2 protein chains.
Amino acid sequence: MDKRIEQINKAIRNVPDFPKPGIMFKDITPILQDAELFAVSIDLFAESMEGIRVDLIAAIEARGFIFAATLAYKLGLGFIPIRKPGKLPYKTYKEEYDLEYGTDALEIHQDAVQKGQRVLLLDDLLATGGTALAAAKLIEKCGGEVTAVRFLIELTFLNGIDKLQQYSVHSLIKI
Amino acid sequence: MDKRIEQINKAIRNVPDFPKPGIMFKDITPILQDAELFAVSIDLFAESMEGIRVDLIAAIEARGFIFAATLAYKLGLGFIPIRKPGKLPYKTYKEEYDLEYGTDALEIHQDAVQKGQRVLLLDDLLATGGTALAAAKLIEKCGGEVTAVRFLIELTFLNGIDKLQQYSVHSLIKI
């Protein structure tokens, strides 16, 4: 394994029973607050996109914003926020997705992506894949193409990758 | 006025009656999705910090994350998220602040800032100043020093700057 990935992996803090009993939460704030580790994570994302042309980077609020906006700046691209309902002020498309109990939804501005634009979708965590799939569909509703999907961490035992089979997915760290 | 600031100012989209009737919302997503304008905004933030030494950049979710994380990477600094209650998984400090009706609160991880560390606090918008003041207090609760406060946009008619008199505040755009 790349030494840098090992370094990042080691910094992830396991917080038991968050947000609810039985869940071991992967806390990435120790990566963010360490200037070197944060930079390494961005550089690894950039390397994972070498040779792949995209026009925009889209991310799911809120942790996704941290990595995606930074990578957009580094690669000279625009940034598209995908948010919870009621947060984006202009005309939006909405996509619902299933949770363990009930449903949730995400929105994108209708003019966020132009027809035919190539988009990298980035988030911090791939769990069940429901959120990422909804985000990908929103990009497509705008007429964009989801050229690549990137995650910092993939929880492989949840098989979220199965929901994203039609996309080119890569995660820096698999747990 | 700096031509670049004029350029950013022109890209801000006014959305009437959002999030509620009578409010003219300043939508910054047109800046974000334009690679050049987004880069210019980050560069202007970086210039506003020339000669000022800080160890970390802290930001308030979620729009603040976009600029602050990117600037942290550019300046080689760590990034500290300040979030709504229940979002940060580890031990937190909490600070309540008044809204027009009722109160809201923000949290920071207790180990986010070390004693004596110098922190830049960054957000997209200075309105009444209540949110920024709460965030500054959280940094101080950790033992950090709020060395500088930066905003993309300041709504001067709301006099939020009055609440932040003890800090060194600068906004790229004043409306």
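Below, read A as the first sequence line, B as the second, and so on, with proteins coming before strands; counting in each chain starts at 1. Since the structure is predicted, the reported quantities are computational estimates derived from the model, not experimental observations.
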Decide whether [X] and [Y] are clustered together by the hydrophobic rule: side chain heavy atoms of Ile, Leu, Val, Met, Phe, Trp, Tyr closer than 4.5 Å, transitively.
{"X": "A/Ile57", "Y": "A/Leu121", "value": "no"}
{"X": "B/Leu172", "Y": "B/Ile60", "value": "no"}
{"X": "B/Leu122", "Y": "B/Phe38", "value": "yes"}
{"X": "B/Met49", "Y": "B/Phe151", "value": "no"}
{"X": "B/Leu164", "Y": "B/Leu158", "value": "no"}

| request: Heavy-atom pairs under 4.5 Å with chain B are the metric here; pick the option from A/Pro19, A/Gly76, A/Ala112 that has the most. | output: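 Highest number of heavy-atom pairs under 4.5 Å: A/Ala112.
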| request: Would you mind telling me which of A/Asp111, A/Leu37, A/Ile80 has the largest number of heavy-atom pairs within less than 4.5 Å of chain B? | output: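 Top option by heavy-atom pairs under 4.5 Å: A/Asp111.
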| message | Has B/Gln33 got a side-chain atom pairing as donor or acceptor with A/Leu56's backbone, closer than 3.5 angstrom? | response |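 No, B/Gln33 side chain to A/Leu56 backbone: no donor-acceptor pair under 3.5 Å.
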Closest approach of [X] and [Y], non-hydrogen atoms and distance?
{"X": "A/Leu88", "Y": "B/Thr29", "value": "CD2-CG2, 4.2 Å"}
{"X": "A/Gly78", "Y": "B/Ala35", "value": "N-CB, 3.6 Å"}
{"X": "B/Lys87", "Y": "A/Phe18", "value": "O-CZ, 3.9 Å"}

Could you measure the distance from the [atom1] atom of [X] to the [atom2] atom of [Y]? Nearest 0.5 Å is fine.
{"X": "A/Ile42", "Y": "B/Tyr73", "atom1": "CD1", "atom2": "OH", "result": "7.0 Å"}
{"X": "B/His109", "Y": "A/Leu32", "atom1": "NE2", "atom2": "CG", "result": "10.5 Å"}
{"X": "B/Arg83", "Y": "A/Arg63", "atom1": "CZ", "atom2": "CZ", "result": "5.5 Å"}
{"X": "B/Ile66", "Y": "A/Glu61", "atom1": "CD1", "atom2": "CD", "result": "9.0 Å"}

Where does [X] contact chain A at under 4.5 Å (heavy atoms): side chain, backbone, both or neither?
{"X": "B/Phe79", "result": "both"}
{"X": "B/Asp17", "result": "neither"}
{"X": "B/Pro89", "result": "both"}

| Non-hydrogen atoms of chain B under 4.5 Å away: do they reach the side chain of A/Lys74, the backbone, both or neither? |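 The side chain, not the backbone.
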| field | Choice from B/Val113, B/Thr70, B/Asp27 maximising heavy atom contacts with chain A below 4.5 Å | value |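 Heavy-atom pairs under 4.5 Å are most numerous for B/Thr70.
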| request: Count the heavy atoms belonging to other residues, nucleotides or ligands that lie under 6.0 Å from CD of B/Glu47, then report whether that count exceeds 12. | output: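 For B/Glu47, atom CD is crowded (more than 12 foreign heavy atoms under 6.0 Å).
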